[in-house]
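Report on the structure given below.
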Amino acid sequence: MTLCEKYIKHCSGCGYCSTEKPGLCVIKDDMQEIFPLMVNFPFHIYLSPLSFGGYNSELKKVVDRYSALGLPTYTIRNGELHHPPRYDNPEKFMAIGILDKENKEQKETFKLLSKRSAISCFASKASTVVFEQNEDRTIIKDKIIKGFSEMELML
Amino acid sequence: MKIIALLASTRGKKTATESMYNYLVDKFNKDNITIKMYRAHHIYKDANKRELLLNELKDSDFLLICSPVYVHSLPYPLIVLMEYLAGETKPSFWLDKKMMAIIHSGYPKDIQRKASLAICKNFAVELGIKWQGGIGFGGTPIIDGRPLEESGGFTKWMRKALDEMGHSIIAGEELSSKSYDFAQKHFPSIPLWILKIMMNLRSKSQAKKNGVDLYAIPYL
């Protein structure tokens, strides 16, 4: 799914999806088509150029709307409080980040963010792939294959 | 000294973000510091307003970001503005300018604000702004948009940390170790299982009051 082709508004933090109409986002835009896909597919892959080590704005606009996919209650996971997921999916999570050029700090930030995303969506397996846009195509391919074959157990 | 503050909450004016900002503003006014505030979600879509921010930044000395955590990082409108500033400026634009960040969320653990603070730092480094440090606070929904002083003991250490931050900004120094120490003391060491029970009771009673099924699955 190419997000820049979608009509998506930013999360207004209204809390409607929390205890007003649990699980339902009040904003009527293309997220209403994306939410059912998110909850029915077991493997979520984010692919994004890195913005300062995080997801770029196009992807972040979607990620900010994920409150509707979690319960407004809390559970303890890995010694931290989290909102439990409202749905069973995703079982697996992968984040692929593209850097303009080598940047160790941004790479580490992306790995951290990817892991946090995997924990908060309660994926059982996850991996992170980061490459530079000018990197050799064979190396990029190998990194992605490794990302699929060596997923970290999250539970 | 001229400070530009970028507030990233998308919820409006009665937020913990604004409460923290207002607390700092009081400090700054007393020291004759000019501060101009922008709410990211009000300006990110409007080309004229973005340009106005850029022009204000040109004449400023300091950029202060005050943001909640949305799903482990900064809210979308703030990311849009950061990308815009990165695209519209050269390192010479940021020469001698400094930056700090205040990041907050409901979750008690620091790790749940770490990525947001790292993104702020990476932004500063990439653009050539002098990164002066950032602090994070948990449990901030309790503030509920009220002045920090009205939250009593709960914001005692937060206020001390922000006081220190204010002193560091005025002195043109990096965020002091005292500020980090006070921020660490901010969240009371309540066992997580007690917090969990308290917050779940609140959500469940709110759902009962609204007559809704908390566990609904409308998108399946």
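Naming: A, B, ... by sequence-line order, numbering from 1 per chain. The figures that follow rest on heavy atoms only: side chains count, while hydrogens, waters and symmetry mates do not.
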Exercise. Taking atom NZ of B:K90 as the centre, does the number of heavy atoms from other residues, nucleotides or ligands within less than 6.0 Å exceed 12?
Worked result: no
Problem set entry | Interface moiety of A:N56 toward chain B, non-hydrogen atoms closer than 4.5 Å | both
Exercise. Measuring heavy-atom distances to chain A, does B:N210 have an atom under 4.5 Å in its side chain, in its backbone, in both, or in neither?
Worked result: side chain
Problem set entry | Charged N-O contact under 4.0 Å between B:K121 and A:E105 | no
Exercise. Which one of A:P36, A:P84, A:P22 has the most heavy-atom pairs closer than 4.5 Å to chain B?
Worked result: A:P22
Exercise. Most heavy-atom pairs under 4.5 angstrom with chain A, which of B:E83, B:Q206, B:E126?
Worked result: B:E83
Seminar exercise, completed: Bottom line for A:I76: the part with an atom under 4.5 Å from chain B's heavy atoms is both
Exercise. Do A:D142 and A:R137 meet the salt-bridge criterion of a basic N to acidic O distance under 4.0 Å?
Worked result: no
Problem set entry | chain A interface, residue from B:K209, B:K109, B:M82 that has the most non-hydrogen pairs under 4.5 Å | B:M82
Seminar exercise, completed: Okay, A:F35 and chain B: the region with an atom under 4.5 Å from a heavy atom over there is both
Exercise. Side chain, backbone, both or neither: which part of A:L24 has a non-hydrogen atom closer than 4.5 Å to chain B?
Worked result: both
Exercise. Side chain, backbone, both or neither: which part of B:A124 has a heavy atom under 4.5 Å from chain A?
Worked result: neither
Seminar exercise, completed: Whatever's closer than 4.5 Å to a heavy atom in chain B on A:F110 counts as neither
Exercise. Charged N to carboxylate O under 4.0 angstrom, A:K60 versus A:D64?
Worked result: yes
Exercise. So which of A:S117, A:S67, A:C25 has the largest heavy-atom pair count under 4.5 angstrom toward chain B?
Worked result: A:C25
For this session: Evaluate the criterion side chain to side chain donor-acceptor pair (under 3.5 Å) for residue pair B:T140 and B:H104; output intermediate values, then yes/no.
Result: CA-CA 7 Å; B:T140 52; B:H104 69 93; 2.8 Å; yes
For this session: Give a yes or no on whether a salt bridge exists between B:E56 and B:K2, defined as a side-chain N under 4.0 angstrom from a carboxylate O.
Result: yes
Exercise. Should the pair A:F52 and B:F123 be assigned to parallel (<30°), tilted (30 to 60°) or perpendicular (>60°) ring geometry?
Worked result: perpendicular
Problem set entry | B:S179 side-chain N/O to B:A161 backbone N/O, donor-acceptor pair under 3.5 Å | yes
Exercise. Chain B heavy atoms under 4.5 Å from A:E108: which part of the residue, side chain, backbone, both or neither?
Worked result: neither
Exercise. Chain B: which of A:C11, A:G53, A:S12 shares the most heavy-atom pairs with it under 4.5 Å?
Worked result: A:S12
Exercise. Relative to each other, are the rings of A:H10 and B:Y44 parallel, tilted or perpendicular (30° and 60° limits)?
Worked result: perpendicular
Exercise. Under a 4.5 Å heavy-atom cut-off, does chain A meet the side chain of B:I111, its backbone, both or neither?
Worked result: both
For this session: Go through A:G15, A:G79, A:A68 and name the one with the most non-hydrogen pairs under 4.5 angstrom from chain B.
Result: A:G79
For this session: Scan A:Y46, A:F43, A:F41 and name whichever one has a ring pair (Phe, Tyr, Trp, His ring centres under 6.0 Å) with A:F93.
Result: A:Y46
Exercise. Based on non-hydrogen pairs under 4.5 Å, which of A:G70, A:S18, A:G54, A:G23 is most in contact with chain B?
Worked result: A:G23
Exercise. Using non-hydrogen atoms only, which part of B:Y107 is less than 4.5 Å away from chain A: side chain, backbone, both, or neither?
Worked result: side chain
Problem set entry | Heavy-atom contact with chain A under 4.5 Å, split by part of B:P68 | neither
Problem set entry | N-O pairing of A:E150 and A:K125 below 4.0 Å | no
Exercise. What part of B:P75 gets closer than 4.5 Å to chain A, counting heavy atoms only: side chain, backbone, both or neither?
Worked result: both
